[in-house]
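Structure first, then comments.
Just the heavy atoms: all of them, side chains too, but no hydrogens, waters or symmetry mates, feed the values below.
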Amino acid sequence: MTQDFWPTHAYVPGRTARHPEGAFDPIRETAKGGSTPEQLAQCAAFQLGLRYIHKGFFWEAHELLEPVWMLLPKPSCERAFVQGLIQLANGFLKLEMGRPKAAQRLLVISQDLLRQAERPPAFADQSQEADNLLADLTARLVGAL
């Protein structure tokens, strides 16, 4: 179930219904305490969270990426990387909500975090994806501001 779980809709505050409480718990629970950064990079919560961003499930992506972020060592490049992805998802969500200035602020935060992360080894395969998502949000903002 966890690898191919797709929500029925994207939650956009003020526009669509929120998902039932606990709907994402089975996936979130794949991020397990005591895991290495490499293991967290391969868990369903991270992998599906990244796919959710690409498919427009921004709030849902945040829900899945958050437990991964919380389990990564403080401070670490891996933690900064996942936090940068979370803020990117938040930026896309703010744009969906019609709040381009908030999205622009989150884009700057994302850029800073991802620059700070400098392609962490555990997430090396996803670094180019993060760059592509940054470029996508930047391009969407140009049209929205």
Side-chain angles (χ1 to χ4, degrees), residues 1-138 140-141:
M1 171 212 152
T2 56
Q3 290 293 29
D4 294 319
F5 178 77
W6 291 99
T8 56
H9 64 281
Y11 172 56
V12 179
R15 280 199 355 221
T16 61
R18 190 170 175 138
H19 299 284
E21 192 68 33
F24 298 95
D25 287 354
I27 304 164
R28 290 171 53 92
E29 291 167 2
T30 67
K32 299 186 182 308
S35 296
T36 66
E38 291 77 15
Q39 290 167 325
L40 290 168
Q42 297 305 314
C43 76
F46 179 77
Q47 292 292 318
L48 197 52
L50 192 56
R51 289 173 57 200
Y52 277 14
I53 296 173
H54 286 288
K55 297 293 186 180
F57 295 105
F58 306 122
W59 182 88
E60 296 80 2
H62 183 156
E63 282 292 298
L64 298 187
L65 294 172
E66 186 176 54
V68 175
W69 169 73
M70 291 172 57
L71 290 170
L72 288 163
K74 299 180 206 178
S76 69
C77 58
E78 292 86 4
R79 188 175 171 96
F81 181 78
V82 175
Q83 187 178 12
L85 290 174
I86 290 169
Q87 296 306 334
L88 258 174
N90 290 338
F92 280 112
L93 181 60
K94 293 298 184 198
L95 200 54
E96 285 289 313
M97 294 169 65
R99 299 185 53 206
K101 290 189 189 235
Q104 185 176 38
R105 182 180 58 80
L106 289 162
L107 173 65
V108 171
I109 292 169
S110 299
Q111 288 169 324
D112 289 345
L113 286 163
L114 292 170
R115 189 172 324 147
Q116 184 184 109
E118 293 186 20
R119 305 201 183 286
F123 297 94
D125 293 344
Q126 292 83 19
S127 292
Q128 185 59 52
E129 272 187 87
D131 292 343
N132 293 343
L133 288 167
L134 278 170
D136 184 24
L137 182 55
T138 300
R140 290 186 194 192
L141 275 169

- Message: Are the side chains of L133 and H54 in contact, using a 4.5 Å heavy-atom criterion?
- Response: yes
- Task: For residues R105 and K94, determine if any side-chain heavy atom of one lies less than 4.5 Å from a side-chain heavy atom of the other.
- Result: no
- Check whether any side-chain heavy atom of L48 lies under 4.5 Å from a side-chain heavy atom of F5, and answer yes or no. yes
- Note on the structure: Note: F58 and A89 closest approach over all heavy atoms is CB-O, 3.4 Å
- Taking atom CD of Q128 as the centre, does the number of heavy atoms from other residues, nucleotides or ligands within less than 6.0 Å exceed 12? yes
- Message: Over 60° means perpendicular and under 30° means parallel, so tell me whether Y11 and W59 are parallel, tilted or perpendicular.
- Response: perpendicular
- Which atom of L141 lies closest to which atom of P100, heavy atoms considered: CD2-O, 3.4 Å
- On a heavy-atom basis, the closest approach of I53 and A61 is CG1-CB, 3.5 Å
- Item | Smallest separation among heavy atoms of W69 and V82, with atom names | CB-CG1, 3.6 Å
- Between Y52 and W6, ring centroids under 6.0 Å: yes
- D125 bridged to R119 by N-O distance under 4.0 Å: no
- Task: State, to 0.1 Å, how close L65 and L50 come at their nearest heavy-atom pair, and which atoms those are.
- Result: CD2-N, 4.3 Å
- If you measure only the distance, is there a donor-acceptor pair under 3.5 Å linking the side chains of D112 and Q116? no
- Message: Q87: which residues meet the side-chain hydrogen bond (donor to acceptor under 3.5 Å, both in side chains) condition with it, sequence neighbours left out?
- Response: N90
- Query: So, does R15 use its side chain to make a donor-acceptor pair with the main chain of E96 at under 3.5 Å?
  - Reply: yes
- Is a donor on one side and an acceptor on the other found under 3.5 Å between the side chain of R79 and the backbone of K74? no
- Mind checking whether C77 and E118 have side chains closer than 4.5 Å, heavy atoms only? no
- Any R51 side-chain heavy atom under 4.5 Å of F57 side chain: no
- Ignoring hydrogens and geometry, is there a side-chain-to-backbone donor-acceptor pair from T30 to C43 under 3.5 Å? no
- Note on the structure: Minimal heavy-atom distance between P37 and F123, with the atoms involved, is O-CZ, 4.1 Å
- Message: Less than 3.5 Å apart, any donor N or O on the side chain of H19 or E63 sitting next to an acceptor on the other?
- Response: no
- Item | Min side-chain heavy-atom separation E78-P121 under 4.5 Å | yes
- Task: Decide yes or no for S127 and F81: does some side-chain heavy atom of the first lie under 4.5 Å from some side-chain heavy atom of the second?
- Result: yes
